[in-house]
Structures are given as C-alpha cells and as structure tokens.
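A short worksheet on the structure shown next.
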Amino acid sequence: MKKILAWLFMLSILGTSFGLAETAYAAETASFTLSASSTQVNVGDSFVLSVDAENMQDFFSYELFLEFDSAKLELVGSPKSVVPGFPATKVKEGSVQFGSVKTEKKLQSGKSVALCTFTFKVKAAGSSDIKLAWLKSYDLDVKTTEYAVNNKITVEGLNKGNVILLDKLVLNAAGTAQGAVAEADLAGGFGVASNVIVNVSAVSGAKAYGISLPFKALSEQQAAGRTIAIHTEYGTVILPVHMLSGYAGPAADQVELNISRIDAASLSAGARTLVGNRPAIGLSLVINGAAYSWDNPDAAVSISIPYAPSAQELGNQDHIVLLYLDGDGEPEAVPTGKYDASAGAVTFKTTHFSRFAVSYVVKTFDDIAVYTWATREIQALASKGIIKGVTATEFAPQASITRADFVLLLTRALGLNAKTGDNFSDVSPDAYYASAVAVAKKLGIITGIGGNQFKPADRITRQDMITIMHRACAITGIHLEAADPSALGGFPDASSIAPYAVDSFAAMVTNKIVSGSTVGLEPLKYTTRAETAVLLYRLYTFG
C-alpha cells in the first residue's frame, strides 16, 4: 500500500525522481506508436491521439511527455489511460506530462498494449507536430525503465469552410493586440464561400485589436459581393473586398484594421451625456505604418457593437441609436443604426471610419399627439436622425412632402451611398438635397420626368413614392415576397394606378408595407409628412 501511495504522490506532481530507484534501459525491441483519429482536421474540430506500445514488459505504472504546437493545437479535457489506473496530468504551454498507476497490484505486459488517449482541438490552419519526447515505466519495486523514443505525428489543420480562428496575437506597449490573417487562409475560405469569417480571440488587457490583412484582399475590383468579417470582443466589422479599390497611395502589401474601445473621457460633454456607460468604438486603417483616412461611398462596411440594453430600452428599442462622433467628439445620429435583439448588438453601415457610440434618444414634437396612427413612427425616425421637424418642436405632420425631400429621407433611412456623376439639370448643386438626389439617380432609383428634369420642389404622389421605394428595395437587397397581382383587386381605385407603378403597388401591398385607406390606394394623392414617416418606418424595419 505504501508503494502505491508513493506512486500516486509521484504521479500527482509528475516529475519527481526517485533517487533510490534503480534505472534500467529498455531493450530495443520495445516501440511506441502515435496515431490520430484523423490527420486532416478542420479548424475548430477535435481529434483523438492514441499512444500504443509494442513489447513493453512488466510495468505497474508509466509516465510520458508529449510536446505540441500550442499555436495550432489545444488539449481538450483530461487525458485518459486505457490501462485501468489512477491518472495524473501536468499541462504547460505546448506540452503535457501524463502518468497512471494501475489499480490492480499486478504487472502489465504484452506484445501490444494501448496506453492512453489525448483529445486535441485544432485552433488554426497549417501543419503541426505532436512529439512523444520520452516515456518511462515502473515495476512493483519502483524500478524505472526509460525508453529511447522520439516519435511524432503530423496533423494538418484545415480551414473549416470559411471560418478562420486568429488567436496568435501580441499585445504591444500601447495595449493593442496585433495579429495577421494569412493570404492562404483567405484564399481557402473564399474557395468555399463568398464570405470569410475571422474569429479573433480576446486578449486580456487589450484596449484595441489591430488585424493585418493582405492589401490585395481589400482591393479586388472584380470581386464585389465578397466580404471578410472580423469578429472581436469590441465589435464585428464586415469588410467588402473592394473597399480599397480606389486607393491611390504608395504601394502596400498589408493593411491593418484597428478596432478600439473608446474612453468616455475623450468625448465632448454633450456626447458623454448621450453615451453614458454604453459602448463606444473607434475604427481606422493603417497602411505603410500611417493612418489612412478611408472613405468610399461605393463600399459600405457593416458593423455591429455588442450591447445589453436596460429594461427601459428593451421596451422601446426604436430609440436605441448609433452616434457618429466627429473629430471634436460631437455626436451625430447614424440613421442606419438599429438594435438587433437576436444578435445582442447595435448594427449599422458606414462608408467612412471614425468613432461610433451606442446611445438612447427619444425625440418628439408638440404637434403629433393627435396623429396616433403615426406618432410612434415619427418619433422613431426622428430619434435616429432620419427625419427632422420644421422647427425644433414642430413636425407639420399634415404638410405635403416634396419629391426631393422624400428622396433625401429614403437615402438616409436605407443608408444609400454612391460615387456620383452628373445630376438632374434642375437640381442646384448647392441644394441641401443635391447629394441625395445624385446618389438616387446614380443607383437608378429615380429616373426623373424626362429631359434630365426631376422637379425637386414638386409635391410627390403616392404612386411615385411607392415606385421609388420598390426600386430601392432591389438596389439595397431588401428581400420582398413576390408580388401578387391579385393583391390590388380589393381596392376600388386600383385601375387608376399608372402602368409604371402597378407592379410596385402590388409588391408593397403583398408585403404589407402599403395598406391603403378607407378610400383605396389613392395613387394620385400627394403624400403628407406623417404618411411618409409611416411608409418609411415600415420599410426601415421590414424583415
């Protein structure tokens, strides 16, 4: 019993030598084999490593030492001894020492003996070796037998479809955890999907993450539609691979995306009041060691910031908003900012990098209380910076809306952007709506009335508004159910819809974005500001 207790104590600390024990060296006939349940394993998946012996004679306990590449492999759970016994394990970075004392006071021998198994998880793509550095056995008298071993097995980590795990990061003196995504890994991911996901492991004490990517991976003009999603603890950034297609600076091999946590103390007093203790992040690019001011209207980046709303905010999610913080830290609402309850995050799109923060804003007007059918929609869109009042306290819900103003509101609500060329000849370059109209024209959402005219100051009819909204859905990827032509059958004025607007009305009615009134669809009626808010809100929150 004393010997068994002594062995158990030895195995519990694994590494204690027995000076009184006699050491013998094994005959060369003994050999050991490492085998894996699979030698080609997807990143994120696990495999079982087995250690087997041949001609290992007369042992009562054993211990062994494995070395492995901890950058690519992770030991999962505790090793298991196939020979029944009391196990003990010591794990260090890149190594594991394991031993076991038999439960029966009886020597083990045999031509083929399965000793133990280890479960490893593949953390990163690439080849990695597992090496059996040494193995010892002990008999009942604690006589040690050392075996001359140097066995190894190679396991190939494969990208799991389009997912890359990035966990080999270095924390620099400034508190930025830096890591690089290999070009080969991206190529492998794009070989199976149009979107590659890079999961960045959290680093204790990191104030920011700097993720280096091959420059050409973000300047592929012919690969629009592909994206690289960078997931960090501070947020997820989905980069279109053509975001740097217009880059005109010095040649570069790498570009570094920086995602940082913003200290509220760096914000203006007004911003601190709005943000409170909610999360704020900074986004930037570094090329050739210098900050690069990225701004590309043709390549919107999608971003999500993890956020846990308060009980009050959860009950009024329309007013969870996203703020853009300018160079002075002053806030401005980002219209596309929304709280996604399923993701537990605030999501938005941007075509430039800066600082952004989550906030909670409730905006209202003195003249909308009687418009109960539109109050919620007006308040929500006003809080998000999509619509504004005619004054600070008045919305003028019953006033008509012009063609230019509707296009301006639509581009804000859907986050529409594009590099523009010429505009309609009757749109002044200095007009507050000029940029929005130019974007809508470039995207094909509006075509004008002929002769390169748009009539921006004219009031907009419902059928023109519905047609423009329908076109915008196709441009922005809002997936509507197929239009049902019979959906218009129940409206007495359906025959008065202009031919160019019939399909659009059918699509909007089918998808319950347009519901009509007690009179009908009223395609020729001029739309009020309150009605516009309701229609835009339905489109903004669709799906």
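Counting all heavy atoms, side chain and backbone alike, M469 lies closest to I513 at CE-CG2, 4.0 Å. Residues T467 and S504 share a closest heavy-atom pair of CA-OG, 3.6 Å. Between L165 and S201, the closest heavy-atom pair is CD1-OG, 3.9 Å. Scanning both residues, T527 and T461, for their nearest heavy atoms gives OG1-C, 3.9 Å. When all heavy atoms are compared, the tightest approach of T336 to L414 is CG2-C, 4.1 Å. Contact between G337 and F348 at its shortest, heavy atoms only, is CA-CB, 3.8 Å.
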Original post:
Passes salt bridge (Lys or Arg N to Asp or Glu O under 4.0 Å), D426 versus K455? Steps please.
Top reply: CA-CA 7 Å; D426 58 350; K455 297 292 183 184; 5.5 Å; no

**OP:** Report the C-alpha separation of L325 and E330 in whole Å, then their side-chain angles, then the decisive distance to 0.1 Å, and conclude whether the side-chain contact (heavy atoms from CB on, under 4.5 Å) test is met.
**Re:** CA-CA 5 Å; L325 305 170; E330 294 299 328; over 6 Å; no

Subject >> Pair S425-Q453, side chain to side chain donor-acceptor pair (under 3.5 Å): steps then yes or no >> reply: CA-CA 6 Å; S425 60; Q453 298 280 302; 2.7 Å; yes

**OP:** Would you check, one step at a time, whether the test side chain to side chain donor-acceptor pair (under 3.5 Å) holds for S260 with N258?
**Re:** CA-CA 6 Å; S260 62; N258 279 283; over 6 Å; no

Subject >> Verdict with reasoning, L524 to Q463, per side-chain contact (heavy atoms from CB on, under 4.5 Å) >> reply: CA-CA 6 Å; L524 300 178; Q463 66 182 7; 3.4 Å; yes

**OP:** Step by step, work out the side-chain contact (heavy atoms from CB on, under 4.5 Å) result for L409 and I401.
**Re:** CA-CA 10 Å; L409 299 185; I401 190 167; 3.7 Å; yes

**OP:** Applying salt bridge (Lys or Arg N to Asp or Glu O under 4.0 Å), run through E183 and K216 and close with a yes or a no.
**Re:** CA-CA 9 Å; E183 183 177 344; K216 69 178 184 180; 2.7 Å; yes

**OP:** Applying side chain to side chain donor-acceptor pair (under 3.5 Å), run through T364 and Q379 and close with a yes or a no.
**Re:** CA-CA 5 Å; T364 191; Q379 290 177 333; 2.8 Å; yes

Original post:
Checking side-chain contact (heavy atoms from CB on, under 4.5 Å) for the pair L244/L285: CA distance, chi angles, key distance, verdict?
Top reply: CA-CA 11 Å; L244 292 176; L285 290 182; 4.1 Å; yes

Subject >> CA sep, side-chain torsions, deciding dist, call: K442, N423, side chain to side chain donor-acceptor pair (under 3.5 Å) >> reply: CA-CA 8 Å; K442 177 67 177 294; N423 210 335; over 6 Å; no

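Ring orientation note: the planes of Y324 and H352 are nearly perpendicular, at an angle over 60° on the 30°/60° scale.
S383 places a side-chain heavy atom less than 4.5 Å from the side chain of H319. I281 has its side chain within reach of I303: a pair of non-hydrogen atoms, C-beta onward, lies under 4.5 Å apart. Between L535 and V514, some side-chain heavy-atom pair lies under the 4.5 Å cut-off. With a 4.5 Å cut-off on side-chain heavy atoms, R355 and L323 do not count as touching. Side chains of Y360 and V362 form a contact here, defined as non-hydrogen atoms less than 4.5 Å apart. Counting heavy atoms from C-beta outward, S284 and S354 have side chains that stay 4.5 Å or more apart. In this structure, Y537 and I386 have side chains that are not in contact, with every pair of non-hydrogen atoms separated by 4.5 Å or more. The side-chain heavy atoms of R471 and T447, taken from C-beta on, include a pair separated by under 4.5 Å.
Atom OG1 of residue T528 and atom CD of residue Q398 lie 5.5 Å apart, to the nearest 0.5 angstrom. Note that CH2 of W294 is 6.0 Å distant from OG1 of T350, once rounded to the nearest 0.5 Å. The CZ atom of F356 sits 7.0 Å away from the CG atom of L322 when rounded to the nearest 0.5 Å. Note that CD1 of I378 and CD1 of I387 are 6.0 Å apart. Values are rounded to the nearest 0.5 Å. For the atom pair OG1 of T227 and CG of N195, the computed distance is 4.5 Å after rounding to the nearest 0.5 Å. In this structure, I305 CD1 and R261 CZ are separated by 13.5 Å, a value rounded to the nearest 0.5 Å.
Crowding of E74 atom CD: a count of heavy atoms from other residues, nucleotides or ligands under 6.0 Å exceeding 12. Heavy-atom contacts from other residues, nucleotides or ligands closer than 6.0 Å to NZ of K363 number more than 12. Counting heavy atoms of neighbouring residues, nucleotides and ligands inside a 6.0 Å radius, atom NZ of K419 exceeds 12 of them. For D253, the CG atom counts as loosely surrounded, since its 6.0 Å shell holds 12 or fewer non-hydrogen atoms of other residues, nucleotides or ligands.
Evaluated for a side chain to side chain contact (heavy atoms under 4.5 Å, CB included) with K441, the options V427, T420, N452 yield exactly one hit, N452.
In this structure, K512 does not pair ionically with E481, as no charged nitrogen and carboxylate oxygen lie closer than 4.0 Å. Using a 4.0 Å cut-off between a side-chain N of Lys or Arg and a carboxylate O of Asp or Glu, E531 and K525 qualify as a salt bridge. Salt bridge R403/D464: present, at least one basic N to carboxylate O contact under 4.0 Å. Salt bridge D45/K121: absent, no basic N to carboxylate O contact under 4.0 Å. Under 4.0 Å is where a charged nitrogen must lie from a carboxylate oxygen, and between R538 and E377 no such pair does.
In this structure, N288 contributes its side chain and A251 its backbone to a donor-acceptor pair below 3.5 Å. Between the R272 side chain and the L267 main chain, a donor and an acceptor come within less than 3.5 Å of each other. The backbone N or O of P240 sits nowhere less than 3.5 Å from a side-chain atom of H242 that would complete a donor-acceptor pair. Between the side chain of S359 and the main chain of L274, a donor-acceptor pair closer than 3.5 Å is present. For the pair N172 (side chain) and A174 (backbone), a donor-acceptor distance under 3.5 Å is present. Looking at T510, its side chain does come within 3.5 Å of a backbone N or O of D484 through a donor-acceptor pair. A donor-acceptor contact shorter than 3.5 Å links the side chain of D367 to the backbone of A396. Formation of a donor-acceptor pair under 3.5 Å by the S302 side chain with backbone atoms of I238 is not found in this model. Panel note: side chain D493, backbone L521; a donor-acceptor pair is recorded below 3.5 Å. Formation of a donor-acceptor pair under 3.5 Å by the K338 side chain with backbone atoms of Y540 is found in this model.
Side-chain N/O atoms of E313 and Y339 include no donor and acceptor closer than 3.5 Å. Defined by atom type and a distance below 3.5 Å, a donor-acceptor pair is missing between the side-chain atoms of Q178 and S212. Of the N and O atoms on the side chains of Y432 and D405, at least one donor lies less than 3.5 Å from an acceptor on the other residue.
In summary, the aromatic rings of F353 and Y292 are positioned with their centroids too far apart to meet the 6.0 Å limit.
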